Amino acid sequence: MRIVFMGTPDFSVPCLRRLLQDGHEVVGVFTQPDKPKGRGYALTPPPVKTEALQHGLSVFQPKSMRDGEALGILKELRPDLNIVVAYGKILPADILNLPMYGSVNIHASLLPKYRGSAPIQWCILNGETKTGVTSMQMDEGVDTGDMLLHAETPIPIDMTSGELHDVLSEMGAQVLSDTVRAIEAGKLQAIPQTGETCYAPMLTKTLCPIDFTKSALQVHNQVRGLSPWPAATAELAGKRVKIFKTALGGETSAAPGQIVACSDTIDVACGDGHTVCISELQLEGKKRMSAHDFLTGHSVTAGEYFQ
RNA sequence: CGCGGGGUAGAGCAGUUGGUAGCUCGUCGGGCUCAUAACCCGGAGGUCGUGUGGUUCAAGUCCCACCCCCGCAA
């Protein structure tokens, strides 16, 4: 099977690897253009590009998929199937429908819930207890295509987005492998998406500041949903602190935001009379470290407030 | 040349107007205790990111270059 792979971030990499491992002929890889990233605006290639080049694959990084040029390239590649995994661009119908088997997408949620670009994080932010990966036959809408296969996984109460990302990334590769095999065998039935839908938009920094008047569970979900990126934040003694890891604590009568204990973890009172126990954090300009290490060098005392 | 913070004992930090380093945790030994993550006493452990650089009688502390880490912004 001649396959064109379209993907960009780390999440896509296991899928690409799996296609190669399964012996498919990856005739081309589309990925986002290199972008200025990080300090000094160093031009950084997306992870899929790096991986593709290591395997000697042809890489294409068009700015637009709608100007005819991309379609021309695709025609020359003559794929039997397009595989799209977190590519980051909305594809027009002529691109999607060019291959004999059309285009298949791997999405990190149980569709039709959590369509959009940040399904992993929103599942955790909303406190979902299970999620999964779905493959679908793409149409022009955003994650609205008919569903092919899916796999489920529970979300433990302390799992972070980063951890779930890695799990779903591998699961996605497996679902993809199964999907392609089933397509080749011609025994796959597409199921229209029905039922409750919701949308998982891109994360923004406005989600980061913690409001300790919310319940401990809400704060905890915010922290793990935004961990490791972009990370929930709070202010302590005028400095911004990123918070990466918390656990649900016991009851307290302290005011929201007040630190009630700081021996091994930093326990903060929330709005519902319970605490969250911070175990991993990062002060602006400093490295990420455990609460224990943080407390060793910084004098934090019970009674202080997070804002 | 996007803006900014930082590299000092295993870890996290301090180090004032330049005079060869200190705190907390950990660690090792001893003590107290029914017991302990608690407490007491004592010890080990650092060529202060690199340059065999510059200034100086003297630099962790000032100047220069380079390497690395991090926050913002993208």
Side-chain angles (χ1 to χ4, degrees), chain A residues 7-13 30-50 59 61-65 86-90 116-118 120-122 158 160-163 165 200-212 219 222-252 257 259-268 275-307:
Chain A
T8 301
D10 287 319
F11 184 83
S12 319
V13 171
F30 281 70
T31 191
Q32 296 270 4
D34 294 6
K35 283 181 180 160
K37 269 185 83 177
R39 290 174 280 278
Y41 291 110
L43 213 54
T44 309
V48 163
K49 178 183 181 181
T50 307
V59 173
Q61 299 177 278
K63 274 210 306 280
S64 167
M65 294 301 274
Y87 179 40
K89 286 187 188 302
I90 297 176
S117 52
I120 300 170
Q121 292 86 342
W122 280 104
D158 286 322
T160 64
S161 286
E163 292 159 356
H165 169 280
M202 251 181 346
L203 300 178
T204 64
K205 289 168 300 181
T206 56
L207 296 167
C208 294
I210 295 175
D211 175 2
F212 285 103
V219 172
Q222 180 182 0
V223 167
R224 63 200 189 99
L226 299 177
S227 175
W229 190 90
T233 60
E235 240 180 68
L236 182 64
K239 286 185 178 169
R240 178 156 35 178
V241 178
K242 284 187 179 179
I243 296 170
F244 292 98
K245 196 94 185 170
T246 53
L248 294 170
E251 294 184 26
T252 178
I259 296 171
V260 298
C262 46
S263 51
D264 209 44
T265 58
I266 302 172
D267 302 353
V268 188
T275 62
V276 288
C277 309
I278 300 170
S279 58
E280 207 172 327
L281 69 168
Q282 178 175 30
L283 192 63
E284 57 178 285
K286 292 295 192 178
K287 283 186 188 169
R288 177 175 170 174
M289 65 184 80
S290 69
H292 181 267
D293 283 352
F294 181 83
L295 290 168
T296 301
H298 300 84
S299 58
V300 176
T301 50
E304 285 186 65
Y305 279 87
F306 270 109
Q307 281 154 4

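Since we're looking at a predicted model, the values are computed, not measured. Throughout, protein chains are lettered first and strands after them, A, B, ... in sequence-line order, and every chain is numbered starting at 1.
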- Note on the structure: The answer to which of A:R240 and A:Y41 contacts RNA chain B further toward the 5' end, by nearest nucleotide, is A:Y41
- Using Watson-Crick or G-U wobble geometry with both distances below 3.5 Å, tell me the partner of B:G42, or none. B:C28
- For atom C1', what is the distance between B:U56 and B:U61, given to the nearest Å? 13 Å
- Query: Picking from A:D293, A:V241, A:T265, what satisfies side chain to side chain contact (heavy atoms under 4.5 Å, CB included) with A:L281?
  - Reply: A:V241
- Task: Rounded to whole angstrom, note down the P distance from B:G22 over to B:C69.
- Result: 32 Å
- Item | Interatomic distance at C1', B:G30 relative to B:G4, whole Å | 49 Å
- Query: When the P atoms of B:G5 and B:A14 are considered, how many whole Å apart are they?
  - Reply: 15 Å
- Query: At under 4.0 Å between heavy atoms, what does A:R288 touch on the DNA or RNA strands: base, sugar-phosphate, or nothing?
  - Reply: nothing
- Nucleotide B:C25, atom C1' - distance to CG of A:D264 in whole Å: 11 Å
- Whole Å only: how far is the CG atom of A:L283 from the C1' atom of B:C69? 14 Å
- Given B:G2, is OP1 or OP2 found less than 4.0 Å from the side-chain N or O atoms of A:K37? no
- Hey, does the side chain of A:K286 come within less than 4.0 Å of B:C69's phosphate (OP1/OP2), counting only N and O? no
- Item | Validation row: A:F244, A:T160 side chains within 4.5 angstrom (heavy atoms) | no
- Salt-bridge contact A:K245-A:E163 (side-chain N to carboxylate O under 4.0 Å): yes
- Task: Rounded to the nearest angstrom, tell me the gap between atom CD in A:E284 and atom P in B:G71.
- Result: 11 Å
- Item | B:G45 and B:U8, which share atom name C1', separated by this distance in whole Å | 14 Å
- A:E235 CD to B:C72 C1': how many Å, rounded? 14 Å
- Query: Can any side-chain N or O of A:Q32 pair as donor or acceptor with the backbone N or O of A:Y87 at less than 3.5 Å?
  - Reply: yes
- Ignoring the backbone of A:H298, work out which of B:C13, B:C25, B:A73 is nearest its side chain. B:C13
- Query: Taking CG from A:L281 and P from B:G12, how many angstroms apart are they, rounded to a whole number?
  - Reply: 13 Å
- First of A:P230 and A:F294 reached from the 5' end of RNA chain B, by closest nucleotide: A:F294
- Exactly one candidate in A:I210, A:I266, A:V276, A:V268 meets side chain to side chain contact (heavy atoms under 4.5 Å, CB included) with A:I243; the answer is A:I210
- Message: Would you say A:Q282 places a side-chain N or O within less than 4.0 Å of OP1 or OP2 belonging to B:C70?
- Response: no
- Would you kindly give the CH2-to-C1' distance between A:W229 and B:G71, to the nearest whole Å? 15 Å
- Rounded to whole angstrom, note down the P distance from B:G19 over to B:U24. 23 Å
- Message: Does a side-chain N or O of A:K205 approach OP1 or OP2 of B:A73 to a distance below 4.0 Å, or not?
- Response: yes
- Query: Starting at CG of A:L295 and ending at C1' of B:A37, how long is that distance when rounded to a whole Å?
  - Reply: 15 Å
- Message: Under 4.0 Å, counting only non-hydrogen atoms across every strand here, what does A:K35 touch: a base, just sugar-phosphate, or nothing?
- Response: nothing
- Partner nucleotide of B:G18 by Watson-Crick or wobble geometry (both distances under 3.5 Å): none
- Query: When you measure from the side chain of A:M289, which nucleotide among B:A74, B:C13, B:A11 comes out closest?
  - Reply: B:C13
- Query: With rounding to whole Å, what would you report as the distance between B:A37 and B:C48 at their P atoms?
  - Reply: 36 Å
- Item | Distance-only donor-acceptor check, side chains A:K287 and A:Q282, under 3.5 Å | no
- Taking NZ, NE, NH1 and NH2 as the nitrogens, is one of them in A:D158 or A:R224 under 4.0 Å from a carboxylate oxygen of the other? no
- Message: Expressed as a whole number of angstroms, how long is the span from A:K287:NZ to B:G49:P?
- Response: 13 Å
- Task: Tell which nucleotide pairs with B:G2, taking only Watson-Crick or G-U wobble pairs whose two distances are both under 3.5 angstrom.
- Result: B:C72
- Query: In whole Å, what separates the C1' atom of B:U55 from that of B:G71?
  - Reply: 33 Å
